[in-house]
Amino acid sequence: MHVSPVDPVDNPMNRREFVQKSAVTGAAVAIAGTVGAGTAEAAESKRPRPPKSPRTWSFSILGTTDLHSHVFDWDYYKDAAYTDAKGNSVGVARVATLVKQQRAAKGEDHVLLVDAGDIIQGTSLAYYFARVAPITGTDGKKGPRHPMAVAMNHMRYDAAALGNHEFNYGIEVLRKFEQQCRFPLLGANALDAKTLRPAFAPYTVKRIRVPGAPDIKVGILGLTNPGIALWDKDNVSGKMVFPGLVEQAKKYVPRLRALGCDVVFLTDHSGLDGSSSYGDELPYVENASNLVAQQVPGIDAILVGHTHVEVPSYTVKNEETGEDVLLSEPYCWGYRLSVFDFEVELEHGCWKVTSKTAQTLNPNTVDEDPEIRKLLEADHELVVKYVNTAVGTCTSDLSAAESCWKDVPIMDFIHEVQTQTVKAGLSTADAALPLISVAAPFSRTADIPQGSVTIKDIAGLYIYDNTLYGKKLTGAQLKDYLEYAAKYYHQVPAGTAVDTATLTNANNFWDYMYDTAAGVSYEIDIAQAEGSRIKNLAYNGTAVADDQVFVVAVNNYRANGGSGYPHIAAADIAYSSTNEIRQLMIDYVVAKGALDPADFAVANWKLTQAGTPVF
């Protein structure tokens, strides 16, 4: 057995001597300690005391949404600085200045920056870096960096939700953009179609440092729009599926709380009114942010996107907990910046939210960030040069100003291109069927001038990157389709004056949702109730029979169920193409040399009141 060398049993000193010596030594040590105590305490009193741990703290989350590749305050369709009647500015370059101001005022470590999606589509700049000089590269060569990745990396975004328009150019382009971003693209309800596992990061957890206290852990959950399954069916079918926001939030919010998140913040590419533009085509709600707030406990605030409206601050009470959930939507295009301000208090080692407010700031009061200008000026100039490329001429001015209530030649240009393209691609059997076209007036300000026609003139008319389908509808289905379109108009009884300022957009049916048809003639009687407005529907002067079969040229968004039109999503396909309709229009002008409305303009529909033409 090992015995300690200081064990008193084996020490030559006997036990009594050991005890006596120990007592004396102990007393001496005690006296020495007493004498030195005053000196030590005096020295200690002169040292600076550590700061007291803070019990409260504040931080902010800044939010953008639906930027749609607006970097600078510029309108590529007009080739001029952006202007509108409300004095808004566009672009993240101005928003970046507001972000810098917020960080300077509140402290760099007190501010997070988040986006709610629709980043890489929407302007000529977006198209240029997806199709003309794609970020994915061409001929084995590495592609450029996407200007939005450059700008958002410079602004130090912490996270962004996926928007539905992220999928417009295909998954390869989206994945390349994701690689170029120094922040995660979040999509808790964007799942791999085979494994049903998340195809993108569902969430990220950010830490806000608090000196002398635990970090504040902020969980950021990203949710995208279930409508992607319809709107970009060609790009995602068989690859990804998109369940509902409520369903996935119920899965991930508790997980974030279990990870110790003190604050749970959602960024949702989904509006807040519980509506859906696609009817019952999907079992999931399109605009579900309010439902998420109501039905999923544990959420502090939500950055809302998708619907292009300004909602500075909106509160929803959770049905289970009774707690208020704070929501804000900062319009679109960089028109506004949402600012969520949080106050938190430390309780038993955890931070609790004691106060939260939201507001929106207007970037039109500040200058663009000169660093973003320096980083992206060259890219911008490339796009300006591209959109000003002449592709042909036009024999007369074509305006879309009255396109929402009159059959105007500029819309017939779209119909002509769609009809001729589908006609050339039909099988022999389908080519024997009557062929018509449907299209919507996307922009009332579009104008193709007399004289030289450039890419920007055509891009300003057809602002979306839609592709083309040919689908089969019966005469009865076609009438249902046009009746659905006619709900775009407010009812105006016979004998009542028609005011174009108040005539359209009934039922929150926006211009891009309203299809007119070419190839058939018909009247829309706005004096009648919805559902019974289409009169005298005819093909080649003969009334359309219910069982007559038509091939309908239609864009992919509508063909896959966009805006909830009846029959079209389930209709048989006679033709499909991956070419953008806008590019087909450009190719048409190039091939013709001159755009002449005499080649295609036919006034085949009109508004009436009890049979009397309105215009």
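For this chain, numbers begin at 1 and follow the sequence in order. Quick note: numbers below take in every heavy atom, side chains included, and nothing from hydrogens, waters or symmetry partners.
- Sorted by first and then second residue, the side chain to side chain donor-acceptor pair (under 3.5 Å) pairs involving residues 240-264 (not counting sequence neighbours) are Arg257-Asp300.
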Problem - Full working for side chain to side chain contact (heavy atoms under 4.5 Å, CB included) between Thr454 and Thr389 - result: CA-CA 5 Å; Thr454 64; Thr389 303; over 6 Å; no
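- For residues 323-333, the set of pairs meeting the side chain to side chain donor-acceptor pair (under 3.5 Å) definition, not counting sequence neighbours, comprises Thr307-Glu329, Lys317-Asp324, Ser328-Ser338.
- Ion pair Lys206/Asp158 flagged as a salt bridge, since at least one NZ, NE, NH1 or NH2 atom sits closer than 4.0 Å to an Asp/Glu carboxylate oxygen.
- Pairs passing the salt bridge (Lys or Arg N to Asp or Glu O under 4.0 Å) check and including a residue from residues 112-136, sequence neighbours excluded, read Arg131-Glu580.
- Checked for salt-bridge contact, Glu108 and Arg209 miss the test: no charged N lies under 4.0 Å from a carboxylate O.
- Tyr157 does not carry Arg182 over the face of its six-membered ring by the limits of under 6.0 Å from the centre and within 45° of the normal.
- For the pair Glu172 and Arg175, the salt-bridge criterion is not met [side-chain N within less than 4.0 Å of a carboxylate O].
- Partner of Leu337 under the side chain to side chain contact (heavy atoms under 4.5 Å, CB included) criterion, out of Val99, Thr360, Asn362: Val99 alone.
- Under 4.0 Å is where a charged nitrogen must lie from a carboxylate oxygen, and between Arg94 and Asp73 at least one such pair does.
- A distance below 6.0 Å separates the ring centres of Tyr386 and Tyr128.
- Figure legend: Arg582 and Tyr127 shown as a cation-pi pair, the cationic atom lying under 6.0 angstrom from the six-membered ring centre and within 45 degrees of its axis.
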